[in-house]
Amino acid sequence: MIRLDDIIERVSAYNPTGDLDLIRKAYIFSAKVHKGQVRLSGEPYLNHPIEVAMLLAQLRLDPHTIATGLLHDTIEDTFATIEEIKDFFGQEVAEMVDGVTKIGKIAFATSEEKQAENFRKMILAMGKDIRVILVKLADRLHNMRTLEHLPNEKRISIAQETHDIYAPIANRLGIGWIKSELEDLSLKYLRPELYNKISKLVSDKWAERERFITDFKDVIKKEMESFNIKGEVTGRPKHIYGVYKKLGEQDVVDIEQLNDIMAFRIKVDSVKDCYGALGMVHSLWKPVPGRFKDFIAMSKANGYQSLHTTVIAPNGERVEVQIRTREMHRIAEEGIAAHWKYKEDKAFSQKDDARFSWLRQLLELQMDLKDPGQFMETVKVDLFSDEVYVFTPKGQVKELPRGATPVDFAYNIHSDIGHKCVGAKVNGKIVPLRYQLRNGDTVEILTSATHHPSKDWLKFVVTSRAKARIIQWINTEERGRSISLGKEMLEKELKKYSLELRNEDISKAVSELHIPAAEDLYARVGYGKLPIHNVLTKIVPKDKLLDIQKKSTLGLAGVISRFRKKPDSAIRIKGIEDVMVRFANCCNPLSGDKVVGFITRGRGITVHRIECPMTMEIDPERRVDVEWDTGAVGSRPAKIEVVCLDKKGILADISSTIAADAERDYKYRQGPKGYWPIFSGYKGRGVHLCFGSDTALSGQRRGCDRRD
């Protein structure tokens with residue numbers, strides 16, 4: 001168990017002149033307000049902030065940040081107030097504590113909206129002081145270490161959020177050991193069987209290969225002496241999540257066949273020795289083509305520097321070797337926490353600003369994307385991407401996510417260049433705008449003053465900046481058209497009552513309908529979200545509305561009236577009954593999926609999965625809240641793909657299994673409840689099955705991905 005003295009001792013070792021009394025004061029305050037509270041594990045709640053403070057001390061952070069770690073849950077979980085924190089510990093600590101504190105007293109429609117707003121708040125706090133996210137990472141790491149005490153559903157939810165958000169942020173900040181541990185712990189709860197299997201494999205192979213590791217290190221050390229290179233060599237198995245990623249990269253089904261799970265690290269005194277050691281390693285063993293990466297000459301955005309190469313060892317196995325200086329190693333492990341900004345009161349340099357370009361993009365993103373679903377999905381993609389390094393015609397290096405296109409490159413330079421992009425040259429040759437950039441490409445953007453973004457660009461751009469700017473432009477254009485259309489519709493309808501559209505009447509309607517402004521009212525009418533009848537009742541005298549119910553209404557009311565049907569849909573729409581509902585073919589939502597509806601003129605409400613890429617292209621003004629009707633009876637086609645080892649007789653084994661289950665009332669016990677199995681063919685490594693409704697079983701095969 002960690003004590004306050006342990007934290008004080010560690011901090012004083014690297015910061016003897018720091019305000020240690022502030023840490024003691026924060027500990028006493030935290031102990032007082034958390035008194036009597038216990039965690040689900042049964043241990044005193046105070047243990048958690050103490051553990052968080054120690055993790056921050058391991059990152060060698062200043063006393064204000066460590067005090068924040070001790071106080072980070074006081075506002076959220078006790079009766080303490082932010083004013084008390086400010087009075088006792090000052091403005092700096094109070095702002096960090098507030099930045100870490102979740103938004104707990106606001107009612108949100110969905111848990112996704114709550115998650116998005118909490119993350120927005122944290123991003124804004126990070127923009128003011130990056131130490132906020134360091135406290136949050138320490139908090140999340142200790143929570144992940146003790147996650148087994150939570151219910152299974154909660155464990156999976158927190159592990160998924162950690163995998164999608166916090167591990168990538170740790171990577172962006174360059175804190176290698178936190179990133180690795182968060183990834184491992186996430187996998188432990190998301191894929192427990194696979195985690196245990198990989199863990200056992202790594203443990204067994206480590207025991208088997210201890211001699212190999214010793215011999216390999218001895219060869220390197222001996223050769224370093226002959227080259228007069230001073231340094232140290234370490235060998236280790238890759239962390240569990242790293243091995244898990246290798247499964248996908250090497251397309252291996254059986255992890256026993258997995259190669260390249262050993263890594264060696266050479267730490268030397270200078271950059272010159274790094275390249276000398278690289279030549280030495282390549283002279284000893286043959287390098288694997290395409291596996292050399294120079295992150296010293298072209299460092300990652302988070303400041304990471306190292307040489308990576310993979311060689312063929314004497315036993316035929318691939319082994320990764322990383323070569324770096326001792327200072328590079330410290331930065332690789334501690335990331336931004338290793339930066340001198342929090343040891344001396346100095347401003348960021350231009351180089352430091354480049355390291356935080358991703359944070360500026362997040363700040364812009366949270367302002368541009370108001371829809372919670374779009375915001376969170378775009379954040380996940382933006383944080384998780386690997387990098388590709390390309391050049392401007394003047395030789396400036398630009399870092400973009402892998403898979404980025406010339407359009408992403410154009411928006412990275414400036415929004416106006418992105419909007420006016422009509423073509424691109426890569427290495428002097430014209431390429432399609434869909435072209436995926438590669439490391440070392442030199443990109444030149446061709447522009448036209450009369451050109452505008454295309455909605456089709458959303459199908460291939462990958463950066464959040466490009467997506468946000470394109471969506472913003474499209475929404476602005478569509479909103480302008482909808483405002484004009486809504487105003488025209490109101491004027492046309494008012495003529496039936498011999499009335500003109502007057503500003504005072506619209507102001508009255510805006511006030512009574514609780515709409516922010518007249519333009520918003522016109523836009524809602526134009527989109528079809530506000531029935532025109534609702535506006536007319538506010539501005540047309542009652543004596544002229546006698547026959548209004550007999551008239552054909554426009555907008556959403558008209559859509560609903562033309563497409564009414566029996567309430568047999570499995571979807572409920574907030575505030576609307578008896579309306580035509582269709583399911584999008586692009587994502588084929590199934591009961592239980594998180595879904596969202598969009599008004600589609602002429603076809604009622606179209607329902608998409610909330611993570612469907614197509615929702616990015618649809619104006620959020622057309623969005624309506626929908627949910628599954630658990631009491632409805634119906635069926636939906638579904639697809640399931642079974643992936644198995646490619647071995648002799650596998651097709652016959654699966655066919656006989658299906659036939660045996662068919663004899664038991666055609667109930668396939670491994671499939672989704674209420675669905676029937678349809679054999680769909682065999683290709684390559686996998687056997688593909690489709691689960692559909694009764695009509696699918698009878699021969700239509702709707703929703704079946706046939707690959708025979």
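- From Tyr195, atom OH reaches atom CG of Asp184 across 6.0 Å, with rounding to the nearest 0.5 Å.
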Q: Step by step, work out the side-chain contact (heavy atoms from CB on, under 4.5 Å) result for Arg291 and Arg318.
A: CA-CA 11 Å; Arg291 295 301 302 272; Arg318 295 184 177 192; 4.1 Å; yes
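- Every ring pair (Phe, Tyr, Trp, His ring centres under 6.0 Å) that His308 has, sequence neighbours left out, goes to Phe295, Tyr304.
- Looking at every heavy atom in both residues, Val626 comes nearest to Gly597 through CG2-N, 3.5 Å.
- Side-chain N or O atoms of Asp408 include none that pairs as donor or acceptor with a backbone N or O of Val461 at under 3.5 Å.
- The CG atom of Asp593 sits 11.0 Å away from the SG atom of Cys612 when rounded to the nearest 0.5 Å.
- Scored by the side-chain hydrogen bond (donor to acceptor under 3.5 Å, both in side chains) test, Ser186 finds no partners at all (sequence neighbours excluded).
- Counting heavy atoms from C-beta outward, Leu185 and Thr162 have side chains that stay 4.5 Å or more apart.
- Of the inter-residue distances, the one linking His608 atom NE2 with Arg582 atom CZ reads 7.5 Å to the nearest 0.5 angstrom.
- In this view, Tyr411 and His419 satisfy the ring pair (Phe, Tyr, Trp, His ring centres under 6.0 Å) rule, not counting sequence neighbours.
- Qualifying side-chain contact (heavy atoms from CB on, under 4.5 Å) partners for Gln58, counting only residues two or more places apart in sequence or in other chains: Arg10, Met54, Leu55, Trp177.
- In the model, Arg434 has no side-chain atom that pairs as donor or acceptor with a side-chain atom of Thr405 under 3.5 Å.
- Side-chain atoms of Tyr275 and Ile296, non-hydrogen and from C-beta on, do get closer than 4.5 Å to each other.
- Listed by chain and residue number, nothing satisfies the salt bridge (charged side-chain N to carboxylate O under 4.0 Å, His left out) test with Arg265 (two or more places apart in sequence, or in another chain).
- A distance of 7.5 Å separates NZ of Lys245 from NE2 of His239, quoted to the nearest 0.5 Å.
- More than 12 heavy-atom neighbours from other residues, nucleotides or ligands sit within 6.0 angstrom of NZ on Lys398.
- Residues Phe583 and Val595 have side chains not in contact (no heavy-atom distance under 4.5 Å, counting atoms from C-beta outward).
- The nearest pair of heavy atoms linking Val607 to Pro589 is O-CG, 3.5 Å.
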Q: Give the intermediate values and the outcome of side-chain contact (heavy atoms from CB on, under 4.5 Å) for residues Leu173 and Leu137.
A: CA-CA 11 Å; Leu173 293 171; Leu137 285 174; 3.8 Å; yes
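- Looking at heavy atoms from C-beta onward, Arg465 lies in side-chain contact with Ser415 at the 4.5 angstrom threshold.
- Across Pro393 and Thr442, no two heavy atoms sit closer than the pair CA-CG2, 4.0 Å.
- In this structure, Thr392 has no side-chain hydrogen bond (donor to acceptor under 3.5 Å, both in side chains) partners at least two apart in sequence or on a different chain.
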(Q) Run the side-chain contact (heavy atoms from CB on, under 4.5 Å) test on Val271 and Met328 for me, step by step, so that the C-alpha distance in whole Å, both residues' side-chain angles and the decisive distance to 0.1 Å come before the verdict. (A) CA-CA 10 Å; Val271 173; Met328 289 175 188; 3.8 Å; yes
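- Using a distance-only test at 3.5 Å, with no hydrogens or angles considered, no donor-acceptor pair links the side chain of Thr447 to the main chain of Cys421.
- Considering CD1 of Ile445 and NZ of Lys420, their distance stands at 14.0 Å, rounded to 0.5 Å.
- Every side-chain contact (heavy atoms from CB on, under 4.5 Å) that Thr450 has, sequence neighbours left out, goes to Ser448.
- When all heavy atoms of Asn588 and Arg609 are compared, the closest pair comes out as O-NH2, 3.6 Å.
- Here the shortest heavy-atom pairing between Pro406 and Pro432 reads CG-O, 4.0 Å.
- By the side-chain contact (heavy atoms from CB on, under 4.5 Å) test, Asp139 pairs with His48, Val52, His72, Lys136, Asn143, sequence neighbours left out.
- Checked against Tyr241 for a side-chain hydrogen bond (donor to acceptor under 3.5 Å, both in side chains), the options Glu183, His163, Arg191 give a single hit: His163.
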Q: For side-chain contact (heavy atoms from CB on, under 4.5 Å), just list the numbers for Ile266 and Val281, CA-CA rounded to whole Å, side-chain angles, deciding distance to a tenth of an Å, and then say yes or no.
A: CA-CA 10 Å; Ile266 302 174; Val281 169; 3.9 Å; yes
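- Between Leu400 and Leu437 the shortest side-chain heavy-atom distance falls below 4.5 Å.
- When the ring pair (Phe, Tyr, Trp, His ring centres under 6.0 Å) test is applied to Tyr189, no partner is found at least two apart in sequence or on another chain.
- In this structure, the side-chain contact (heavy atoms from CB on, under 4.5 Å) partners of His282, at least two apart in sequence or on a different chain, are Leu278, Pro287, Thr309, Val311.
- Partners of Arg326 according to the side-chain hydrogen bond (donor to acceptor under 3.5 Å, both in side chains) rule, which considers only residues two or more places apart in sequence or in another chain, are Glu232, Asp269.
- Listed here is the closest heavy atom pair of Val390 and Arg438: CG1-O, 3.4 Å.
- Note that CZ of Arg140 and CD1 of Ile178 are 13.0 Å apart. Values are rounded to the nearest 0.5 Å.
- In this structure, Gln322 and Thr234 have side chains that are not in contact, with every pair of non-hydrogen atoms separated by 4.5 Å or more.
- By the side-chain hydrogen bond (donor to acceptor under 3.5 Å, both in side chains) test, Asp441 pairs with Asn427, Tyr435, sequence neighbours left out.
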